[in-house]
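Just so it is clear, the structure is predicted and the values come from calculations on it, not from any experiment.
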Amino acid sequence: QVQLVDSGGGLVQDGGSLRLSCAASGRTFSRYAMGWFRQAPGKEREFVAVISWSGDNTYYADSVKGRFTISRDNAKNTVYLQMNNLKPEDTAVYYCAGSPIWTTKDKSYDSWGQGTQVTVSS
């Protein structure tokens, strides 16, 4: 497992941008696939994006494709989520998570950040 701390959330207007960061501790970070998930009030947690341990492969939910970009810096033990053209429906608590395997299934992730709130006003 790795220990994860999310940051970077906030209030932004429709069409705005935010960059989320997730700082990791633990020697296994560079061997973990890293994902971002989100949970809106009254809804189940949903997959947003995942990046492979090397950073060579990424995959996105259709709802964010073309607007969000996931990246990682293994030298800094950090993963990022750049969110552009934000919409009110992106409002949620965003969580970074780590998994020893490449997956979009939240149950396969064994490490989770505490979450950071993103609110997009219309």
Side-chain angles (χ1 to χ4, degrees):
Q1 289 188 346
V2 294
Q3 290 73 49
L4 304 173
V5 178
D6 308 323
S7 63
L11 174 64
V12 64
Q13 290 188 329
D14 191 353
S17 297
L18 282 174
R19 188 176 81 155
L20 306 183
S21 298
C22 175
S25 59
R27 291 179 294 175
T28 57
F29 171 76
S30 62
R31 296 186 227 145
Y32 266 56
M34 296 298 297
W36 285 96
F37 292 79
R38 67 186 181 186
Q39 188 166 21
K43 295 188 176 181
E44 293 189 354
R45 185 167 57 194
E46 64 174 357
F47 165 79
V48 174
V50 60
I51 187 167
S52 61
W53 67 269
S54 66
D56 290 342
N57 295 298
T58 59
Y59 183 78
Y60 299 91
D62 287 343
S63 59
V64 307
K65 201 173 296 182
R67 300 187 297 122
F68 290 12
T69 302
I70 188 171
S71 62
R72 68 190 295 164
D73 185 338
N74 285 345
K76 295 183 178 179
N77 277 14
T78 303
V79 63
Y80 305 97
L81 185 68
Q82 177 66 44
M83 305 186 294
N84 297 329
N85 191 21
L86 281 160
K87 305 175 182 180
E89 52 264 42
D90 295 317
T91 295
V93 178
Y94 283 71
Y95 300 88
C96 72
S99 172
I101 63 172
W102 171 265
T103 181
T104 64
K105 305 299 183 185
D106 60 353
K107 290 181 170 53
S108 295
Y109 285 76
D110 62 11
S111 303
W112 289 86
Q114 82 285 1
T116 185
Q117 176 71 47
V118 172
T119 303
V120 184
S121 64
S122 57

[X] and [Y]: same hydrophobic cluster, using ILVMFWY side-chain contacts below 4.5 Å?
X	Y	answer
Phe47	Val64	no
Met34	Tyr80	no
Val5	Tyr32	no

Please identify each residue that fulfils side-chain hydrogen bond (donor to acceptor under 3.5 Å, both in side chains) with [X], with sequence neighbours left out.
X	answer
Ser122	none
Lys107	none
Asn74	Arg72
Asn84	Ser17, Gln82

task = Using atom types as modelled and distance alone, determine if a side-chain donor or acceptor of Thr91 lies under 3.5 Å from a backbone N or O of Val120.
result = yes
Could you work out, with side chain to side chain contact (heavy atoms under 4.5 Å, CB included) as the rule, every residue matching [X], not counting sequence neighbours?
X	result
Ser54	Ser52, Asp56
Lys43	Ala40
Val93	Tyr95, Gln117
Ser99	Ile101, Thr103, Ser108, Tyr109

message = Give me each pair satisfying disulfide (SG to SG under 2.5 Å) with a member in residues 26-71, each pair once, sequence neighbours excluded.
response = none
To check you understand the geometry: which heavy-atom pair defines the closest contact between [X] and [Y], and what is its length?
X	Y	answer
Ala24	Leu4	CB-CD2, 3.5 Å
Ala49	Leu81	CB-CD1, 4.4 Å
Tyr94	Leu20	CB-CD1, 3.5 Å

task = Calculate, to the nearest 0.5 Å, the distance between atoms CD and CG belonging to Gln3 and Asn77 respectively.
result =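 Output value for this atom pair is 10.5 Å.
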inquiry  = Rounded at 0.5 Å granularity, tell me how far CD in Gln39 sits from CD in Glu46.
reply    =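 CD of Glu46 is found 9.5 Å from CD of Gln39.
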query = Of the options Val50, Ile70, Ile51, which is the one that meets Tyr59 in a side chain to side chain contact (heavy atoms under 4.5 Å, CB included)?
reply =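 Between Tyr59 and the candidates, side chain to side chain contact (heavy atoms under 4.5 Å, CB included) is satisfied uniquely by Val50.
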ask   = Less than 4.5 Å apart, any side-chain heavy atom of Asp14 and any of Pro88?
value = yes
For Trp112, all residues meeting ring-ring contact (aromatic ring centres under 6.0 Å, His included), sequence neighbours excluded =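 Only Phe37 meet the ring-ring contact (aromatic ring centres under 6.0 Å, His included) criterion with Trp112.
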Solution key, residues 6-13 side-chain donor-acceptor pairs under 3.5 Å, sequence neighbours excluded:
residue: Asp6; atom: OD1; partner: Cys96; partner atom: N; Å: 3.3
residue: Asp6; atom: OD2; partner: Gln114; partner atom: N; Å: 3.4
residue: Asp6; atom: OD2; partner: Gly115; partner atom: N; Å: 2.6

task = Could you tell me whether Tyr60 atom OH has more than 12 heavy atoms of other residues or ligands within 6.0 Å of it?
result = yes
task = Provide the full list of salt bridge (Lys or Arg N to Asp or Glu O under 4.0 Å) pairs with a residue in residues 80-106, sequence neighbours left out, each pair given once.
result =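 Sorted pair list: Arg38-Asp90, Arg45-Asp106, Arg67-Asp90.
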